[in-house]
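Each residue takes its place number in the sequence, starting with 1. Both backbone and side-chain heavy atoms feed into the values below; hydrogens, waters and symmetry mates do not.
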Amino acid sequence: MSLTDEVKRRATELGFCSVGVTGAERFSEAETAAANRTGQGLMEGLSWWSEARAHASADPRRATPEARSVIALAFPHPQFPSPSGGGPGPPAHASRASVRSERLRRSGGGSGPRGRIAAYALGRDYHEVLLERMQPLLAMLRDRGHVAKTYVDHGWMLDRAAAARAGLGWLGKNTNLLIPGVGSNVLLAEIVTSAELEPDQPLKKSCGGCDACMRVCPTGALVEPGVLDNRRCISFWTIEHRGVIPLDIRPLIGDWIFGCDLCQEVCPVNAKPARPDTQALEAFGPMIEARPRLDELLALDDDSFRARFRNSAVWRTRRSGLLRNVCIALGNIADRDSVPALAIALDDGEALVRGHAAWALGRLGGTAARAHLEEALRRETDAWVREECAQALQACGPLVVPSVV
């Protein structure tokens with residue numbers, strides 16, 4: 001068995017659902033596209049990204065001059081919510097109680113408004129999971145005397161370009177890597193090595209005439225097939241952005257409180273994917289709720305936020321960012337039973353939370369929401385929050401005084 005075959009066999013044993021090899025030459029085409037889109041402002045808002053990084057990430061030999069091969073790896077992640085049955089629902093192994101809970105949530109009864117978290121973030125932080133899973137592959141290569149370096153998302157590597165050139169799948173119109181028989185519910189990683197491995201060929205496949213992902217995006221973030229405007233993406237606003245979310249974006253976020261899966265849920269390639277390896281998914285550990293109660297999240301203090309999300313990707317938002325997103329979701333769901341929870345948030349220690357809570361109360365309207373906003377306006381000292389309260393009061397409409405007969 002060749003070293004290439006050994007690597008692929010071992011990767012499969014470790015739970016990777018797809019593995020391929022490509023050479024360590026620059027990803028020239030992807031480099032040009034990434035640099036151009038960065039120059040056009042489509043990546044604006046990502047403080048860690050730049051045109052210089054786009055060029056550097058296109059060169060697998062940047063940090064490993066002796067590199068000869070790139071091993072591209074795809075690992076499955078939890079797939080709840082799933083795109084079946086007219087909308088997201090419980091996984092196939094869900095208990096009767098969880099199925100009933102989901103039905104109650106859909107019907108609006110029983111448990112109150114719930115938000116949505118992107119599927120990839122439901123378990124332990126994937127950076128740690130993938131790094132752990134790659135260690136035996138690193139050991140195999142190093143034991144043979146080869147240099148090997150890992151990359152997982154936050155490293156300087158154009159990971160989708162590597163995966164596409166290694167034949168794992170093709171880049172869809174939603175910019176995600178689409179793997180035949182697997183779908184796009186995967187996390188990508190790479191190993192750059194000095195080993196001279198046998199390269200795979202890119203797949204000659206495309207999305208054809210399908211543009212379901214472009215049509216479903218509520219913000220119009222997919223401006224062209226395969227081109228994403230980061231400034232319109234729900235995932236950017238709910239995860240990467242640290243400050244105030246613009247007024248025109250808030251209503252489009254819906255009930256998403258961390259990330260967004262809409263363009264994947266409608267993708268036909270994801271319609272009937274292979275069931276993920278159960279043992280592979282166990283690497284993510286206990287799952288957090290995919291559809292948590294929004295009023296419960298709004299009550300989290302720093303300690304309870306840390307206890308609930310410290311080991312998950314949701315930790316990236318910090319408490320203030322998550323509660324900001326929760327307020328927006330409650331404003332979009334517009335259930336007036338949420339007024340008491342939002343009223344408490346009007347007194348939160350973070351101005352970011354108070355201002356978005358005010359906006360949500362303006363969306364809900366009604367006598368109770370108006371009373372809380374007026375009280376908040378009397379005591380609020382932050383100029384931006386005062387402006388949000390004033391705008392929310394206007395959104396509530398004129399005060400209706402019942403006539404005395």
Side-chain angles (χ1 to χ4, degrees), residues 101-117 218 234 237-238 243-258 289-302 304-305 308 317 319-403:
S101 175
E102 177 66 15
R103 287 174 178 168
L104 283 170
R105 187 206 65 79
R106 287 196 195 182
S107 65
S111 58
R114 293 178 177 267
R116 300 186 65 187
I117 295 175
I234 291 174
W237 289 112
T238 58
V244 176
I245 294 182
L247 289 169
D248 64 322
I249 295 292
R250 296 177 198 176
L252 305 178
I253 290 176
D255 58 358
W256 291 100
I257 60 172
F258 187 91
E289 287 185 88
R291 296 179 174 279
R293 281 273 299 270
L294 293 174
D295 57 347
E296 291 178 356
L297 294 181
L298 212 51
L300 294 176
D301 59 16
D302 287 332
S304 53
F305 171 78
R308 187 163 179 171
T317 66
R319 174 187 174 275
S320 60
L322 180 64
L323 268 60
R324 170 202 63 188
N325 300 342
V326 168
C327 289
I328 290 175
L330 286 172
N332 290 330
I333 295 171
D335 181 344
R336 285 186 175 172
D337 287 342
S338 303
V339 168
L342 287 166
I344 294 174
L346 281 177
D347 199 32
D348 192 89
E350 296 280 352
L352 187 66
V353 178
R354 299 198 302 276
H356 288 86
W359 175 84
L361 285 168
R363 296 270 287 185
L364 269 59
T367 303
R370 171 178 286 277
H372 289 300
L373 286 166
E374 289 174 342
E375 173 60 28
L377 193 56
R378 283 192 289 269
R379 68 172 183 267
E380 183 60 60
T381 58
D382 184 278
W384 169 72
V385 180
R386 287 182 59 83
E387 181 181 353
E388 289 283 349
C389 288
Q391 292 176 343
L393 281 168
Q394 289 183 338
C396 284
L399 178 63
V400 177
V401 180
S403 59

Search all heavy atoms of Leu297 against all heavy atoms of Pro292 and return the closest pair with its distance.
CD1-CG, 3.7 Å

Keeping to residues at least two apart or across chains, list the salt bridge (Lys or Arg N to Asp or Glu O under 4.0 Å) pairs with something in residues 382-396.
Arg250-Glu388

Which heavy atom of Gly331 sits nearest to which heavy atom of Leu364, and what is that distance?
CA-CD1, 4.0 Å

In a table with atom names and distances, give each donor-acceptor pair under 3.5 Å that connects a side chain of residues 349-362 to protein atoms at least two apart or in another chain.
| from | atom 1 | to | atom 2 | distance (Å) |
| --- | --- | --- | --- | --- |
| Arg354 | NE | Glu380 | OE1 | 2.8 |
| Arg354 | NH1 | Asp348 | O | 2.9 |
| Arg354 | NH2 | Glu380 | OE2 | 3.0 |
| His356 | ND1 | Leu352 | O | 2.8 |
| His356 | NE2 | Ile245 | N | 3.3 |

Could you check whether any side-chain heavy atom of Thr317 comes within less than 4.5 Å of a side-chain heavy atom of Arg324, counting everything from C-beta outward?
no

Counting C-beta onward and ignoring hydrogens, is there a side-chain heavy-atom pair between Ile257 and Leu322 closer than 4.5 Å?
yes

Minimum side-chain heavy-atom gap Cys396-Leu373 below 4.5 Å:
yes

Let me confirm one number: the CG-CZ distance from Leu300 to Arg308, rounded to the nearest 0.5 Å.
6.0 Å

Roughly how far, to the nearest 0.5 Å, is SG of Cys389 from CD of Glu375?
10.5 Å

I need the minimum non-hydrogen distance between Arg370 and Leu393, along with the two atoms involved.
NH2-O, 3.5 Å

Please check: side-chain N/O of Asp347 versus main-chain N/O of Ala343, any donor-acceptor pairing under 3.5 Å?
no

Out of the candidates Asn332, Ile234, Ile328, only one should pair with Trp256 under the side chain to side chain contact (heavy atoms under 4.5 Å, CB included) rule; please name it.
Ile234

Between CZ on residue Arg293 and CZ on residue Arg114, distance to nearest 0.5 Å
6.0 Å

For a side-chain contact (heavy atoms from CB on, under 4.5 Å) check, start with the C-alpha distance between Arg379 and Leu346, then their side-chain angles and the critical distance, and finish with the verdict.
CA-CA 10 Å; Arg379 68 172 183 267; Leu346 281 177; 3.9 Å; yes

Is a side-chain N or O of Arg363 found less than 3.5 angstrom from the main chain of Ala334, in a donor-acceptor match?
no

Within the 4.5 Å heavy-atom criterion, are Gln391 and Leu247 side-chain neighbours or not?
yes

Check Ala369 against Val339 and note the closest heavy-atom contact, atom names and distance.
N-CG1, 4.1 Å

Side chains of Leu294 and Leu298: does their closest heavy-atom pair fall under 4.5 Å?
no

Any side-chain heavy atom of Leu342 within less than 4.5 Å of one from Cys327?
yes

